[in-house]
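Predicted model only: the values in this text are computed from it and were never measured. So that the names make sense, note that chain A is the first sequence line, chain B the second, and so on, each numbered from 1.
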2 protein chains.
Amino acid sequence: MKIGEASELSGLPTKTIRYYEDIGLVRSDRRDNGYRDYGEAEIHKLRFIQRSRGLGFTVEQCRTLLSLYNDPDRSSADVRALAENHLEEIERKIQELAGMRSTLSQLVSSCHGDHRPDCPILNDLAGSG
Amino acid sequence: MKIGEASELSGLPTKTIRYYEDIGLVRSDRRDNGYRDYGEAEIHKLRFIQRSRGLGFTVEQCRTLLSLYNDPDRSSADVRALAENHLEEIERKIQELAGMRSTLSQLVSSCHGDHRPDCPILNDLAGSG
DNA sequence: CTTAGCCTTCCACTCACAGGAAGGTTATGG
DNA sequence: CCATAACCTTCCTGTGAGTGGAAGGCTAAG
């Protein structure tokens, strides 16, 4: 199967699949004409990565997850630890964004938003609040 | 005042201040020895940027905010529109992260996390769920 | 025979800096 | 007078995770 079909089946852009090959995350066979050729196993791998990325794991974490997936002697504790770390990271980001949202929504609602130049948002950013 | 003190007063690393100068966001005078020299006005500007960045505005949005701040004929509606757009962006990111958190925390709690290789997290990523 | 739609490689760009090398300046201490 | 430390300068490279585009090869259909 050519890269276009692999793209459709995996949900990843062809550019991204080539990039993953560049960084050694996946591989591909080649046909005589130089085209990449994918089998079921690689598609499976690509979908695995697509799902992992969709949960916000970094590409390096995906690499680790893949190697854990392919290691029959892994312990589920290792996988869980990785996922827990990532979950904490997500939690941290949400907290940070929630703080911004809180401040910003206050500022937005305190700004009348008309043709006049007076603006509490700018006043706050300027430190006069 | 030299860049080190400007850094302390603004809360921005010296590297960042030089970068902002590179991209034309701020400026600085120079002493005879080539050192950057900052006055009150530039410090004020740096703090303005620091606060704006802290609320998650992009550097380009900071540039716009600064020019609005310096424009006596601005309308507060323009500022508010910018802030509202940004607020929506933040909301979107929070939603995305919350979705990840939801899925991930379910997966983490369904994984026993011991020495055995069987792992619901990997099973899910592999699409067998 | 040409056109469209695939595919290839390679290079540059994104964003917002951070790290580090190589070297100049200045304050302090002996 | 000299050494040393703590500043400062410019310039180059790297980050993460791709995206965009150029220049060119392959192939099926009309």
Side-chain angles (χ1 to χ4, degrees), chain A residues 1-39 42-43 45-46 48-66 85-86 89-90 92-93 96-97 100, chain B residues 1-38 42 45-46 48-66 85-86 89-90 92-93 96-97 100:
Chain A
M1 158 187 351
K2 288 186 286 183
I3 197 171
E5 201 180 342
S7 167
E8 283 188 29
L9 290 180
S10 66
L12 293 167
T14 60
K15 279 271 186 191
T16 299
I17 297 176
R18 290 196 197 97
Y19 169 70
Y20 287 164
E21 184 174 332
D22 269 3
I23 64 171
L25 199 56
V26 295
R27 45 168 307 285
S28 70
D29 292 334
R30 293 293 179 131
R31 299 188 187 174
D32 288 349
N33 60 11
Y35 286 17
R36 286 172 180 79
D37 199 2
Y38 297 91
E42 287 315 299
I43 300 300
K45 219 168 173 177
L46 287 170
F48 184 100
I49 299 169
Q50 196 266 348
R51 282 207 186 77
S52 306
R53 292 286 298 130
L55 287 178
F57 287 103
T58 68
V59 165
E60 284 316 304
Q61 285 172 327
C62 290
R63 199 189 295 275
T64 303
L65 286 169
L66 270 177
N85 278 349
H86 180 44
E89 187 64 32
I90 285 176
R92 236 171 285 136
K93 282 182 189 165
E96 193 187 348
L97 289 169
M100 292 176 186
Chain B
M1 155 186 355
K2 288 185 288 185
I3 198 172
E5 200 180 342
S7 166
E8 283 188 29
L9 290 181
S10 65
L12 293 167
T14 60
K15 281 271 187 191
T16 300
I17 298 176
R18 290 195 197 97
Y19 169 70
Y20 288 165
E21 185 173 331
D22 268 4
I23 63 171
L25 199 56
V26 295
R27 46 169 305 286
S28 70
D29 293 333
R30 294 294 178 129
R31 299 187 189 176
D32 288 348
N33 59 14
Y35 286 16
R36 286 172 180 80
D37 199 2
Y38 297 92
E42 286 316 298
K45 218 169 173 177
L46 288 170
F48 185 99
I49 299 170
Q50 196 266 346
R51 283 207 185 79
S52 306
R53 292 286 298 130
L55 287 178
F57 287 103
T58 68
V59 166
E60 285 316 303
Q61 285 172 327
C62 291
R63 200 190 294 276
T64 303
L65 285 169
L66 270 177
N85 278 348
H86 180 44
E89 187 64 32
I90 285 176
R92 233 170 288 137
K93 281 182 190 166
E96 192 186 350
L97 288 169
M100 293 176 186

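- Between K2(B) and T58(B), the residue anchored nearer the 5' end of DNA chain C, judged by the nucleotide with its closest heavy atom, is T58(B).
- Between E5(B) atom CD and dC7(D) atom C1' the separation is 13 Å, expressed in whole Å.
- Residue contacts shown for I23(B) are absent, as no nucleic acid heavy atom lies under 4.0 Å away.
- Contact check, Y20(A) against dG18(D): a side-chain N or O comes under 4.0 Å of OP1 or OP2.
- dT8(C) atom C1' lies 9 Å from atom CG of N33(A), rounded to whole Å.
- The distance from atom CD of E21(B) to atom P of dC17(C) is 15 Å, rounded to the nearest whole Å.
- Across all strands shown, R18(B) has heavy atoms under 4.0 Å from base atoms, whether or not it also approaches the sugar-phosphate.
- One finds a salt bridge joining E89(A) and R92(A) here, because a Lys/Arg side-chain nitrogen approaches an Asp/Glu carboxylate oxygen to under 4.0 Å.
- Between Q61(A) atom CD and dA17(D) atom C1' there is a gap of 13 Å when expressed in whole angstrom units.
- Between R27(A) and D29(A) there is a salt bridge, since a side-chain N of the basic residue sits under 4.0 Å from a carboxylate O of the acidic one.
- Of the candidates L65(B), T16(B), V26(B), I49(B) forms a side-chain contact (heavy atoms from CB on, under 4.5 Å) with just one, namely V26(B).
- Using a 4.0 Å heavy-atom criterion, one finds that T14(B) contacts no nucleic acid atom at all.
- Residues E21(B) and S28(B) bring a donor and an acceptor atom of their side chains to less than 3.5 Å of each other.
- Between R63(A) and E60(A), at least one side-chain N (NZ, or NE/NH1/NH2) sits under 4.0 Å from a carboxylate O, which counts as a salt bridge.
- For the pair R36(A) CZ and dC6(C) P, the computed distance is 17 Å after rounding to whole Å.
- One N or O donor and one acceptor, one from the side chain of Y35(A) and one from the base of dG25(D), sit under 3.5 Å apart.
- Atom P of nucleotide dA16(C) and atom CD of E60(B) are separated by 8 Å, given to the nearest angstrom.
- dC7(D) atom P lies 14 Å from atom CD1 of I17(B), rounded to whole Å.
- Taking atom CZ of F57(B) as the reference point, atom P of dA16(C) lies 13 Å away to the nearest angstrom.
- DNA chain C is contacted by both R30(A) and Y19(B); R30(A) maps to the nucleotide lying nearer its 5′ end (nearest heavy atom per residue).
- Side-chain atoms of P13(A) lie closest to dT19(D) of the nucleotides dA18(C), dA16(C), dT19(D).
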